[in-house]
Amino acid sequence: MKSCLFVNSDPVEQSTFIEALGDVSPEAFCMMASDDAEALDIMKAGSLVPDFIIIDLEMPGIDAKRFLHHVKNVESLRDVPVIVHCQHPNAYAVMELKEMGAFAIYYRPYDYWGICNILNLYLNDDVKALMN
């Protein structure tokens with residue numbers, strides 16, 4: 001069973017994510033956090049390491065860069081792919097996030113079909129085929 005951690009404080013986006021996850025992979029386990037600090041607490045407190053993490057870059061109360069820094073400094077989390085989603089492409093931010101260890105950057109629109117596509121990649125291991 002695959003698992004993910006979704007970090008986003010917007011209830012509408014949380015609902016969209018849960019709906020898409022239920023349709024793409026009903027057996028998948030999803031942890032939710034409203035901000036980066038809560039996400040770190042969830043991962044440090046639990047014994048489950050998610051298969052991947054999706055975090056918002058530009059949301060109030062969420063610091064994806066700080067989160068990425070912490071995740072990459074915890075040995076048990078270092079290899080977990082972190083996907084950062086943001087509203088507007090920014091070449092400098094993409095370079096910085098990649099240097100910090102972000103696995104991928106996903107640009108909105110943040111909608112049901114876009115999330116289904118991302119989830120299909122990460123839950124079905126298709127992303128490994130794309131990277132080779």
Side-chain angles (χ1 to χ4, degrees):
M1 171 175 54
K2 295 277 187 150
S3 64
C4 65
L5 173 62
F6 184 68
V7 187
N8 190 310
S9 62
D10 185 320
V12 173
E13 292 186 6
Q14 289 176 350
S15 177
T16 302
F17 186 85
I18 292 298
E19 181 182 356
L21 181 64
D23 289 341
V24 169
S25 184
E27 71 283 352
F29 177 72
C30 181
M31 297 170 276
M32 302 287 270
S34 295
D35 60 37
D36 54 312
E38 182 182 4
L40 288 169
D41 288 344
I42 288 170
M43 289 189 297
K44 288 179 182 176
S47 60
L48 180 65
V49 175
D51 290 300
F52 65 95
I53 301 165
I54 298 179
I55 186 168
D56 195 308
L57 177 65
E58 301 165 334
M59 218 167 226
I62 294 178
D63 186 339
K65 292 176 185 176
R66 178 179 66 190
F67 177 79
L68 196 53
H69 174 76
H70 285 297
V71 166
K72 295 305 174 185
N73 285 311
V74 175
E75 187 173 337
S76 62
L77 304 174
R78 188 172 295 139
D79 295 328
V80 175
V82 177
I83 304 152
V84 179
H85 61 91
C86 56
Q87 198 159 14
H88 305 288
N90 175 324
Y92 177 75
V94 169
M95 285 187 344
E96 185 178 20
L97 288 164
K98 292 299 272 180
E99 287 173 3
M100 293 177 72
F103 186 78
I105 311 331
Y106 167 69
Y107 296 107
R108 292 187 192 145
Y110 188 87
D111 63 12
Y112 173 83
W113 294 111
I115 294 303
C116 284
N117 288 336
I118 293 292
L119 290 172
N120 271 314
L121 285 173
Y122 290 94
L123 291 170
N124 298 320
D125 292 325
D126 292 341
V127 73
K128 291 177 184 170
L130 292 173
M131 299 305 287
N132 290 329

Next item on the list: Step through the shown structure and confirm whether more than 12 heavy atoms of other residues, nucleotides or ligands are within 6.0 Å of CD on Glu75.
Entry: no
Next item on the list: Can you measure from CG (Leu68) to CD (Glu96) and round to the nearest 0.5 angstrom?
Entry: 9.5 Å
Note to self: If you compare all heavy atoms of Cys4 against all heavy atoms of Leu21, which two are closest, and at what distance to 0.1 Å?
What the structure shows: SG-CD2, 4.3 Å
Note to self: Restricting to non-hydrogen atoms, name the atom on Ala104 and the atom on Tyr122 that form the minimum distance, rounded to 0.1 Å.
What the structure shows: CB-OH, 3.5 Å
Check: Do side-chain atoms of Lys2 reach the backbone of Asp51 as a donor and acceptor pair under 3.5 angstrom?
Finding: no
Check: Do Phe17 and Glu13 have side chains that get closer than 4.5 Å, going by heavy atoms?
Finding: no
Notebook entry, point to check: Between Ser34 and Ser9, what is the shortest heavy-atom contact and its length?
Noted result: O-CB, 3.2 Å
Check: What are the two closest non-hydrogen atoms of Arg78 and Lys72, and how far apart are they?
Finding: O-NZ, 2.8 Å
Check: So, Asn8 versus Gln14: side-chain donor-acceptor pair below 3.5 Å or not?
Finding: no
Next item on the list: Assess whether side-chain contact (heavy atoms from CB on, under 4.5 Å) is satisfied between Ile18 and Met32, documenting all intermediate values.
Entry: CA-CA 9 Å; Ile18 292 298; Met32 302 287 270; 4.0 Å; yes
Notebook entry, point to check: Between the side chain of Thr16 and the main-chain N/O of Val12, is any donor-acceptor distance below 3.5 Å?
Noted result: yes
Next item on the list: State, to 0.1 Å, how close Ala20 and Ile115 come at their nearest heavy-atom pair, and which atoms those are.
Entry: CB-CG2, 3.6 Å
Checklist line | Exam field: side chain Asp35 to backbone Ile62, donor-acceptor pair closer than 3.5 Å | finding: no
Notebook entry, point to check: Heavy atoms, side chains only, cut-off 4.5 Å: are Val71 and Leu40 in contact?
Noted result: yes
Margin query: Distance check, rounded to the nearest 0.5 Å: Asp111 atom CG versus Cys116 atom SG?
Written below: 9.0 Å
Next item on the list: Could you grab the distance from atom CD1 of Ile53 to atom CE of Met43, nearest 0.5 Å is fine?
Entry: 4.0 Å
Check: Any side-chain heavy-atom pair from Cys86 and Asp56 closer than 4.5 angstrom?
Finding: no
Check: Between Ile54 and Ile118, is any pair of side-chain heavy atoms under 4.5 Å apart?
Finding: yes
Notebook entry, point to check: Between the main-chain N or O of Ser15 and the side-chain N or O of Glu19, is there a donor-acceptor pair closer than 3.5 Å?
Noted result: no
Checklist line | Beyond-backbone contact of His70 with Arg66, side-chain heavy atoms, under 4.5 angstrom | finding: yes
Check: What distance do Phe67 atom CZ and Leu77 atom CG have between them, rounded to the nearest 0.5 Å?
Finding: 7.5 Å
Next item on the list: Quick one: pull up CG in Leu57 and CD1 in Ile83 and give me the separation to the nearest 0.5 Å.
Entry: 14.0 Å
Checklist line | Verify same cluster id: Tyr112, Phe6 (apolar side-chain graph, 4.5 Å) | finding: no
Next item on the list: Check Phe52 against Val80 and note the closest heavy-atom contact, atom names and distance.
Entry: CA-CG1, 3.9 Å
